[in-house]
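Below is one structure; the comments refer to it alone.
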Amino acid sequence: MTKNRRLTATILSLGSCLGAIASTLQPSSAAVIGQDDRITPTYEQLTNSVLGTVGRLALQKADGSFGHCTFTVVGRNIGLTNAHCLLDEKGAPIQIKAAIAAQHSDRALAVTNVDVYWTGRDTAPVGIEDVPGDWAIVRFTTNLGELTGWLGNTDWNPNDINTAGQTVVGLTAGYVGYPQDWPTDARFQPGNVRGYTPALHYGCTIHNVEGSILLHDCDTTGGTSGSSLFTAVSQTDFRTIGLHSGEYPVQNPYINLAVPLERFMPAVLKLRQTGAASDTVVPRP
């Protein structure tokens, strides 16, 4: 049975009961769905393409523990990630230690930091109904996008938030991110450092949209949070179609969740317009 067929019952189940159980279940970090289809792109594949816009966001929580998320450069000096990467469930900030573009174990295209950020909500999501606001835009302390370029996006509907995500349903999707478990023992190669080596999965699908949440089957685990989901317009042109957020354990297999363009693109456009000035007030549709 294919991955897509195995997901059919899960998607139907989620679509029929999302509103009823949203307040009782919380999204988890992420899930590999069925066969693990992730691979490791080479450093050259990252840095010689638009995939070099992806990077690793090194973080430190209030308890002193370290972690990371993924970001994507989406403007001259701004990057896209998740709100839950920057805020805990009470709204306390998580310290950003560094933003590392195209990190590949002990190699990287550039290292910078973040001095300001804007989020789609004031806390990390505490329930699935909060996922549409699980976006954040960070301002880099350098014009990182002048080095990496930045990822564009597909068409979206700026006029009707009730149709959020509908323009990308059915599209083939992919991502580059930094899963905590990657590479796995079976995929480990000399020189790799687990959690610091990028994973690439292309060939997954945006299956549906429910409650302004995209449902997808890309293989992800913790650390992939903040990864842009993209589709290939051509062999060299990739466009953002959503922002991975987490998983939803409705049944086995799980389904992964993403924020649609309509939720964060108004803020991205505003910040591009103002140069990400510190006093910019961004829309939160």
Side-chain angles (χ1 to χ4, degrees), residues 41 43-59 68-83 85-87 93-104 107-120 134-156 158 174-178 198 225-234 236-244 258-285:
Y43 180 71
E44 289 71 26
Q45 287 173 326
L46 290 185
T47 55
N48 293 329
S49 74
V50 72
L51 299 182
T53 59
V54 178
R56 185 177 180 275
L57 204 60
L59 307 167
H68 71 270
C69 280
T70 301
F71 71 85
T72 305
V73 181
V74 292
R76 182 173 58 87
N77 61 344
I78 56 174
L80 179 67
T81 190
N82 287 133
C85 295
L86 308 181
L87 302 169
I94 297 171
Q95 185 179 5
I96 301 170
K97 306 298 289 185
I100 308 143
Q103 183 165 17
H104 201 295
R107 305 174 71 184
L109 182 60
V111 180
T112 186
N113 214 317
V114 169
D115 58 1
V116 181
Y117 59 79
W118 296 261
T119 58
D134 191 21
W135 57 264
I137 302 168
V138 299
R139 185 179 74 183
F140 303 118
T141 54
T142 63
N143 293 330
L144 184 60
E146 294 181 357
L147 175 64
T148 65
W150 53 83
L151 203 60
N153 54 274
T154 57
D155 292 337
W156 54 286
Y175 81 90
V176 173
Y178 291 87
S225 293
S227 296
S228 290
L229 300 180
F230 60 80
T231 196
V233 178
S234 70
T236 58
D237 186 4
F238 304 104
R239 304 286 182 90
T240 300
I241 57 177
L243 174 66
H244 173 68
V259 183
L261 292 165
E262 286 82 357
R263 291 290 179 172
F264 58 82
M265 279 306 301
V268 171
L269 294 178
K270 182 70 173 181
L271 290 166
R272 286 176 182 168
Q273 181 182 33
T274 67
S278 299
D279 60 353
T280 303
V281 178
V282 300
R284 286 176 162 185

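All of these numbers come straight from a predicted model, not from anything done at the bench.
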Measure from the side-chain N and O atoms of Tyr178 to the backbone N and O of His104, and report whether any donor-acceptor pair falls under 3.5 Å. no
All heavy atoms of Leu46 vs all of Pro41, minimum pair found to be CD2-CG, 4.0 Å
Tell me, do Arg272 and Trp150 make a side-chain contact under 4.5 Å, heavy atoms counted? yes
Is the closest side-chain heavy-atom distance between Lys270 and Thr280 below 4.5 Å? yes
Where Ala277 and Arg139 come nearest, the two heavy atoms and their spacing: C-NH1, 4.0 Å
Closest contact, heavy atoms only, Thr240 versus Leu261: O-CD2, 3.6 Å
Taking all non-hydrogen atoms of both residues into account, name the closest pair between Val73 and Gly149 and its distance. CG1-O, 3.5 Å
Do the side chains of Glu262 and Pro285 get nearer than 4.5 Å, heavy atoms only? no
Hey, are the side chains of Thr119 and Arg284 touching, using non-hydrogen atoms and a 4.5 Å cut-off? yes
So how far is it from Ile137 CD1 to Asn77 CG, rounded to the nearest 0.5 Å? 11.0 Å
Is there a side-chain contact between Ile94 and Leu87 (heavy atoms, below 4.5 Å)? no
Give a yes-or-no answer on whether the side chains of Thr112 and Thr141 include a donor-acceptor pair shorter than 3.5 Å. yes
For Tyr175 and His244, what are the C-alpha separation, side-chain angles and deciding distance, and is it a side-chain contact (heavy atoms from CB on, under 4.5 Å)? CA-CA 9 Å; Tyr175 81 90; His244 173 68; over 6 Å; no
Let me confirm one number: the CG-CG distance from Leu144 to Asn113, rounded to the nearest 0.5 Å. 11.5 Å
Quick one, Val138 and Leu86 - any side-chain contact, counting heavy atoms below 4.5 Å? yes
One should read off an interatomic distance between Leu243 CG and Phe230 CZ, to the nearest 0.5 angstrom, of 13.5 Å
Student check: side-chain heavy atoms of Ile96 and Tyr117 closer than 4.5 Å: yes
Closest heavy-atom pair and its distance - Leu271, Val282: CG-CG1, 3.8 Å
Rounded to the nearest 0.5 Å, the CG atom of Asn153 sits from the CD1 atom of Ile241 at a distance of 11.0 Å
What are the two closest heavy atoms between Ser227 and Gly177, and how far apart are they? OG-CA, 3.6 Å
Supply the atom-to-atom distance Leu147 CG to Leu109 CG, rounded to the nearest 0.5 angstrom. 4.5 Å
Is a side-chain donor-acceptor pair under 3.5 Å present for Arg76 with Asn143? yes
Are Leu151 and Val54 close enough that some pair of their side-chain heavy atoms sits under 4.5 Å apart? no
Determine, stepwise, if the pair Cys69 / Asn82 fulfils side-chain contact (heavy atoms from CB on, under 4.5 Å). CA-CA 8 Å; Cys69 280; Asn82 287 133; 5.7 Å; no
Quick check, are the ring centers of Phe140 and Phe71 under 6.0 angstrom apart? yes
So CZ of Arg263 and CH2 of Trp135: to nearest 0.5 Å the spacing works out to 10.5 Å
